[in-house]
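Report on the structure given below.
Protein chains get the first letters and strands the later ones, always in sequence-line order, with residue 1 at the start of each.
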Number of protein chains: 2
Amino acid sequence: MDTLINHCRHNIPPEVENVALLEGLDPGKAAEHIITGRLVIPHNTRRKHKVIGIGDICQVKVNVNIGTSNQLCDPALELQKAEAALINGADSLMDLSTGGDLLGMRKELLRLDTVIGTVPVYEAVRRAGNAADLEADLLFRVIREHCNQGVDFLTLHCGVNTDVFQSLHEDPRTMGVVSRGGAFHVAMMASQGIENPLWSEFDYLLEILGEYDVVASLGDGMRPGCQDDAERLAKSVEYLNLGRLARRALDAGVQRMIEGPGHIPLEQIGYNVRMIKELTGDAPLYLLGPLVTDIAPGYDHLVGAIGGSVACMYGANFLCMVSPSEHLALPRVEDIIEGTRASVIAAHIGDLVQGSRKAKMQELLMGEMRHNLDWEAQFATALFPEVARVIHDRDPGDGTCSMCGDLCAVKMIRDIFP
Amino acid sequence: MDTLINHCRHNIPPEVENVALLEGLDPGKAAEHIITGRLVIPHNTRRKHKVIGIGDICQVKVNVNIGTSNQLCDPALELQKAEAALINGADSLMDLSTGGDLLGMRKELLRLDTVIGTVPVYEAVRRAGNAADLEADLLFRVIREHCNQGVDFLTLHCGVNTDVFQSLHEDPRTMGVVSRGGAFHVAMMASQGIENPLWSEFDYLLEILGEYDVVASLGDGMRPGCQDDAERLAKSVEYLNLGRLARRALDAGVQRMIEGPGHIPLEQIGYNVRMIKELTGDAPLYLLGPLVTDIAPGYDHLVGAIGGSVACMYGANFLCMVSPSEHLALPRVEDIIEGTRASVIAAHIGDLVQGSRKAKMQELLMGEMRHNLDWEAQFATALFPEVARVIHDRDPGDGTCSMCGDLCAVKMIRDIFP
């Protein structure tokens with residue numbers, strides 16, 4: 001197939017050159033990581049846009065989810081959210097729309113100069129009326145449409161097979177299935193008594209994706225939905241499935257990444273991330289959260305940033321924004337802003353912990369500018385300059401800041417150690 | 001001396017009984033931890049108030065700093081901040097006032113039914129005019145006054161000795177000294193050419209503290225002030241000093257805890273916390289942050305919650321709030337609220353990772369209430385019920401929430417796995 005992976009076997013395609021340039025990598029090394037599946041570059045062949053690399057040799061990236069629903073269907077508002085996300089540092093957007101004109105909304109987003117992902121089963125269920133009646137043909141048709149329209153990566157719950165379904169009975173979970181896509185597939189399988197078509201006809205799926213060189217984001221339909229569910233069996237059965245599928249996709253020349261849990265206690269993040277990495281041949285790992293407590297609704301963006309930072313310590317590559325309204329309501333624009341910023345901070349901490357030279361240079365510079373009490377340079381080095389400036393400027397200053405005022409330790413010590 | 005440690009050798013004092021009850025501990029075990037210095041109960045003998053335990057067998061506690069300065073001196077505002085902190089879950093308050101009527105402010109705070117800490121060197125420097133002119137006598141006099149007035153714990157930078165001072169020359173740091181108390185001591189030592197009196201006359205200090213059974217919080221005057229300073233020598237020289245002083249305090253029957261860094265990369269938190277714990281005989285560890293990136297001013301509360309959660313994984317016991325205005329300006333009431341909540345979330349994550357049964361039960365309950373779609377019970381289980389309620393209630397609901405609306409995975413799966 002005419003895919004990036006197959007191109008890399010013969011030469012270095014322009015997308016790889018671009019990513020190598022952005023990340024400060026040797027293009028040959030980047031190409032090698034594409035071939036071995038440790039790096040993906042989501043770039044539908046039907047669409048031109050800014051490319052990003054996702055994988056162990058790249059900086060950690062951030063995705064932001066937006067989308068209409070039947071409860072709140074305002075495409076203009078979703079475009080505002082998209083813009084707010086990009087301004088605050090999002091590297092990609094996922095359109096999770098389920099309400100109103102789905103195609104119209106998607107087309108608007110595909111005009112943006114950024115990587116776009118979708119979850120085709122949402123639209124398929126909308127068109128089928130409900131998940132129980134969804135047929136394989138329609139699901140594959142929607143997948144092909146999304147590919148043909150220029151979507152760069154698709155969340156596909158291919159690993160939710162009958163073995164996984166069985167594991168839910170063997171080792172029941174308090175929250176059952178909290179992945180919406182996972183729940184759709186389970187409902188479809190349960191009501192029709194069939195295997196998940198994305199599992200049984202995975203080769204056909206790969207053919208479709210390969211045609212447009214779309215990245216398969218192998219969805220975590222079994223991500224735990226609460227802390228206590230984190231040690232139940234279903235998640236691990238799915239890990240194994242995703243590992244096998246990841247190998248098959250790579251063999252077919254189709255780029256893929258893996259989606260990870262979910263609600264997981266802090267001390268379990270390390271081995272979960274390492275296990276997924278091992279089983280999938282170090283495929284790029286795309287994480288929602290992880291959320292390390294469930295009792296802080298309203299602050300799940302902060303909880304997700306804690307889990308995300310730690311996950312990066314063990315090799316996570318791509319963080320999905322969690323907004324303050326997670327588990328409570330659809331996000332407003334301000335929720336998208338706070339959630340995006342929290343994820344961007346976690347991704348930067350991830351870069352530091354993964355040894356990014358660029359990230360370390362930013363830290364060095366901030367230290368020097370703080371020592372110099374150079375406020376303009378501090379703002380310029382900050383991830384969110386205007387946020388810092390507004391807080392600093394609210395009190396009258398004298399070259400230091402109102403925090404310590406005339407008792408500034410930095411000033412005092414500069415006199416002793418000039 | 002007539003201190004809690006010495007009492008515990010003969011019987012179980014009421015403070016220990018109370019803490020054992022609050023924490024669900026065997027009182028004898030709590031007393032044993034007091035004797036071995038792994039648990040402290042800050043409770044000045046001159047004052048009655050709610051007691052808390054800080055140590056490995058207790059839940060993680062949160063301190064909130066407030067205080068006037070010359071730039072912003074409004075005692076009523078500081079009392080509002082104190083109230084906001086306590087409402088949002090602070091276990092103690094530190095009065096860091098440096099402006100206006102210091103005694104008046106402190107007296108107001110000492111009326112509150114909570115643990116109160118101070119940093120006497122701040123007042124001593126105010127009275128001396130500047131740090132360079134501060135004399136030992138005045139410093140000890142202020143310390144005794146704070147003890148006599150009923151303060152429960154004092155940050156004392158006893159470990160900043162000439163060896164530490166030397167290490168700043170041997171292995172210079174970008175930010176020098178960022179601890180204000182540490183900087184005062186360095187300035188005093190440098191200008192007068194003397195040893196730190198809190199180091200050279202530590203036994204005298206212990207006598208004063210023992211008289212009122214005040215907890216020594218052995219201050220981290222050398223906490224790194226930026227990521228790059230984290231691996232410089234001064235910090236570790238101070239760790240060793242604090243370890244030796246911790247042993248001497250315990251031998252004298254004086255309760256003490258250790259203050260820790262500071263600005264530290266995420267991957268260095270584990271070994272720093274373990275090293276401090278080892279050197280100090282598992283003394284309770286009180287942390288500011290750690291801050292794992294310096295380029296997110298305006299979001300240091302979030303950065304501190306990341307560092308704090310991870311530090312708890314390795315044994316931290318007491319988290320000091322970091323507010324969104326850290327490094328920029330004095331906190332407003334809303335900064336105290338956001339900072340306190342971030343720390344309370346980190347402390348809860350700390351409880352979970354340290355195996356607290358109570359914390360785990362809260363998680364279990366939230367999972368069940370989410371599965372039941374019981375919103376009132378979810379709010380009641382949440383750390384900040386009103387925050388969650390306001391977000392949830394802003395959209396019209398139908399028993400689920402507007403986040404997934406009619407496509408609620410939980411609802412769908414409950415029909416399949418009743």
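Contacts with chain A were tallied for B/Ile306, B/Ile345, B/Leu330, B/Asn372; B/Leu330 has the most, counting heavy-atom pairs under 4.5 Å. Among the candidates B/Gln362, B/Gln268, B/Arg180, the residue making the largest number of heavy-atom pairs closer than 4.5 Å to chain A is B/Arg180. Of the listed residues (B/Thr98, B/Asp294, B/Asn70), the one with the most heavy-atom contacts under 4.5 Å to chain A is B/Asp294.
Of the two parts of B/Ala131, only the side chain, counted from C-beta on, holds a non-hydrogen atom closer than 4.5 Å to a non-hydrogen atom of chain A. B/Pro331 touches chain A through its backbone: at least one of N, CA, C or O sits under 4.5 Å from a heavy atom, while the side chain does not. Interface remark: B/Ile349 contributes side-chain atoms only to the contact with chain A (heavy atom separation under 4.5 Å). For B/Thr381, the parts lying near chain A are the backbone and the side chain together; criterion is any non-hydrogen pair under 4.5 Å. For B/Ile391, the parts lying under 4.5 angstrom from a heavy atom of chain A are both the backbone and the side chain. Using a 4.5 Å cut-off between heavy atoms, B/Val344 makes no contact with chain A at all. Proximity to chain B is absent for every atom of A/Ser323, based on heavy atoms less than 4.5 angstrom apart. At a 4.5 Å heavy-atom cutoff, B/Ser191 makes no contact with chain A through either its backbone or its side chain. Residue contact with chain A, scored on non-hydrogen atoms closer than 4.5 Å, is absent for B/Tyr122. Within the 4.5 angstrom heavy-atom criterion, no atom of A/Val390 approaches chain B. Within the 4.5 angstrom heavy-atom criterion, atoms from both the backbone and the side chain of B/Glu326 approach chain A. With a threshold of 4.5 angstrom between heavy atoms, B/Ala190 approaches chain A through side-chain atoms but not through N, CA, C or O. Heavy-atom distances place the side chain of B/His263, and not its backbone, under 4.5 Å from chain A.
The neighbour count for B/Glu231 CD, taken as heavy atoms of other residues, nucleotides or ligands under 6.0 Å away, does not exceed 12.
Proximity of A/Asp395 to B/Arg332: side-chain heavy atoms (C-beta onward) are separated by under 4.5 Å at one or more points. Side-chain atoms of A/Tyr299 and B/Leu383, non-hydrogen and from C-beta on, never get closer than 4.5 Å to each other. For the pair B/Leu266 and A/Ser309, the minimum side-chain heavy-atom distance is below 4.5 Å. Within the 4.5 Å cutoff, the side chain of B/Leu352 has no heavy atoms near those of the A/Val292 side chain. Contact annotation: the side chain of B/Arg389 never approaches that of A/Pro297 to less than 4.5 Å [non-hydrogen atoms, C-beta and beyond].
The shortest heavy-atom contact between A/Phe184 and B/Met412 is CE2-CE, 3.3 Å. Contact record, B/Ala342 with A/Leu302: CB-CD1, 3.6 Å, taken as the closest heavy-atom pair. The two residues A/Ala409 and B/Ser179 have their closest heavy-atom pair at CB-O, 4.0 Å. In terms of heavy atoms, B/Met175 sits closest to A/Val410 at CE-CG2, 3.9 Å. Of all the heavy atoms in A/Met313 and B/Glu267, the pair that sits closest is SD-CA, 4.0 Å.
Here A/His327 contributes atom NE2 and B/Gln378 contributes atom CD; the two are 9.0 Å apart, rounded to the nearest 0.5 Å. We find the CD1-CG distance between B/Ile295 and A/Leu365 to be 9.5 Å, quoted to the nearest 0.5 Å. Between B/Asp228 atom CG and A/Met361 atom CE the span is 10.0 Å, to the nearest 0.5 Å. Distance check: A/Asp393 CG to B/Leu328 CG gives 9.5 Å after rounding to the nearest 0.5 Å.
Taking A/Arg126 as the reference, B/Asp406 meet the salt bridge (charged side-chain N to carboxylate O under 4.0 Å, His left out) condition, with sequence neighbours excluded.
Checked for salt-bridge contact, B/Asp335 and A/Arg394 meet the test: a charged N lies under 4.0 Å from a carboxylate O.
One side chain, B/Thr293 or A/Glu363, offers a donor N or O that lies under 3.5 Å from an acceptor on the other.
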